Amino acid sequence: MTREQYILATQQNNLRTENAQFYPVGIYGWRKRCLYFFVLLLLVTMIVNLAMTIWILKVMNFTVDGMGNLRVTKKGVRLEGISEFLLPLYVKEIHSRKDSPVVFQSDRNITVNARNENGQLTGQMTVGADAVEAHCKRFEVKSHEDEKILFMADEDEIVIGADRLRVTGTEGSIFEHSVETPHIRAGPSQDLRLESPTRSLTMEAPKGVHISAVAGEFKASCRKELHLQSTDGEIFLNADNIRLGNLPHGSYSSSTPNAVGPRQTVYELCICPNGKLYLSPAGASSTCQLHSNFCLWS
């Protein structure tokens with residue numbers, strides 16, 4: 001290349017450099033101001049959220065062990081104080097502290113449901129203002145020490161396993177159907193009364209019915225007839241004195257010439273063919289035949 005060609009090429013490069021435009025790099029103008037505004041707004045929002053989080057943690061008493069009266073332990077969840085549940089509560093076991101009971105309160109009622117693995121309802125207990133209802137296949141009440149069944153009820157029967165059943169109501173106990181029991185006893189210094197106001201009272205036992213009054217009297221009274229019947233055995237009366245009151249007196253026969261006077265105080269016990277008893281004034285011999293007109297009219 002000659003000198004003239006070099007100078008000409010250099011002048012052309014200088015002209016291209018002078019004619020080139022320069023473009024600034026970065027964000028300028030209103031875009032920069034909007035970016036700063038959004039950054040400042042984000043910073044303020046973060047500060048407010050942090051302050052609200054700290055306030056919530058303070059008010060709700062969040063700690064490492066739990067929240068407020070709720071403590072999370074290895075055995076489960078421990079709740080202290082009064083708590084209110086607005087939605088259903090699903091738990092496996094509920095225990096109280098050793099020195100305080102568990103109290104459930106509700107404005108309407110308290111319902112406890114038990115379900116199986118398929119979600120079907122198997123048992124329900126409702127405590128309401130008017131009644132306590134339990135819906136289940138079998139209801140049991142057991143003792144605390146030996147878990148003895150004190151009360152059990154199902155569709156077939158009701159079992160009371162307590163050693164003593166006491167009815168303290170003034171009207172007693174009313175049974176609409178039969179009652180099977182080995183022993184009925186009244187309380188100390190109290191009378192035992194079995195009564196059927198409008199129907200009959202029947203006591204049956206295949207090996208016998210024993211009625212005993214150790215330190216008192218035994219009375220059987222009725223309006224019409226009192227029957228003592230033994231189909232295969234006998235009726236045995238064993239006492240120092242056997243008294244039959246209000247027995248009728250036999251009437252005098254018109255063919256009796258030697259009738260005993262009416263002032264007689266000793267009488268003879270006579271029996272009619274139909275089994276009725278009557279009194280006949282006693283004499284030197286039997287006078288039942290002489291006063292047997294009573295059997296004709298009875």
Side-chain angles (χ1 to χ4, degrees), residues 65-188 190 192-206:
D65 298 332
M67 177 186 67
N69 296 330
L70 187 64
R71 296 289 183 268
V72 180
T73 61
K74 296 181 180 179
K75 297 181 180 180
V77 179
R78 180 178 179 180
L79 187 61
E80 299 179 356
I82 300 176
S83 302
E84 182 177 357
F85 299 93
L86 302 178
L87 297 176
L89 177 64
Y90 299 93
V91 295
K92 183 179 180 180
E93 294 181 359
I94 298 178
H95 296 278
S96 65
R97 295 189 303 180
K98 296 182 179 180
D99 55 349
S100 62
V102 178
V103 179
F104 297 96
Q105 295 182 356
S106 175
D107 294 336
R108 296 184 180 179
N109 55 36
I110 297 177
T111 303
V112 180
N113 295 330
R115 300 181 183 272
N116 56 13
E117 60 276 3
N118 298 326
Q120 298 176 353
L121 185 64
T122 58
Q124 184 182 68
M125 183 174 181
T126 303
V127 180
D130 299 331
V132 178
E133 299 180 358
H135 301 273
C136 56
K137 294 183 179 179
R138 185 173 61 182
F139 182 77
E140 294 183 356
V141 178
K142 297 183 178 180
S143 62
H144 177 68
E145 297 179 356
D146 52 356
E147 294 186 356
K148 179 182 177 181
I149 296 179
L150 302 179
F151 179 83
M152 190 274 289
D154 56 10
E155 295 181 356
D156 299 330
E157 62 179 358
I158 296 177
V159 178
I160 299 177
D163 296 336
R164 179 182 299 176
L165 175 62
R166 177 176 296 179
V167 181
T168 59
T170 57
E171 297 296 331
S173 179
I174 300 176
F175 301 95
E176 296 182 357
H177 300 284
S178 61
V179 179
E180 297 181 6
T181 176
H183 190 191
I184 299 177
R185 183 177 63 184
Q190 295 181 358
L192 176 63
R193 184 175 182 179
L194 302 178
E195 180 182 0
S196 178
T198 58
R199 293 294 184 270
S200 61
L201 178 63
T202 304
M203 291 186 294
E204 298 180 354

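Small disclaimer: the values here were computed from a predicted structure and weren't measured.
The minimum heavy-atom distance linking Glu140 with Met152 is given by the pair CG-CG, 3.6 Å. Summarising the geometry of Ile158 relative to Ala153, their closest heavy-atom pair is CG1-CB, 4.0 Å, with the distance given to 0.1 Å. Nearest heavy-atom pair across Cys136 and Gly123 is CB-CA, 4.4 Å. Annotation for Asp154 and Lys137: closest pair CB-O, 3.5 Å, computed over non-hydrogen atoms. Here the shortest heavy-atom pairing between Gly128 and Asn109 reads CA-CB, 3.8 Å.
No side-chain donor-acceptor contact under 3.5 Å links Thr126 to the backbone of Glu133.
Taking a 6.0 Å sphere around CD of Glu157, one finds it holds more than 12 heavy atoms contributed by other residues, nucleotides or ligands. Heavy atoms from other residues, nucleotides or ligands lying under 6.0 Å from CG of Asn118 number more than 12. More than 12 heavy atoms of other residues, nucleotides or ligands lie within 6.0 Å of CG in Asp146, so this atom counts as buried by the packing criterion.
Side-chain contact between Met125 and Val132 is present, with at least one heavy-atom pair separated by less than 4.5 Å. Ile94 is listed as a side-chain neighbour of Phe104, based on a closest heavy-atom distance under 4.5 Å.
The CD1 atom of Ile160 sits 13.0 Å away from atom CD1 of Ile149, with the distance rounded to the nearest 0.5 Å. The CD atom of Gln120 sits 9.5 Å away from atom CZ of Arg115, with the distance rounded to the nearest 0.5 Å. Taking CZ of Arg108 as the reference point, atom CD1 of Ile110 lies at 13.5 Å (rounded to 0.5 Å).
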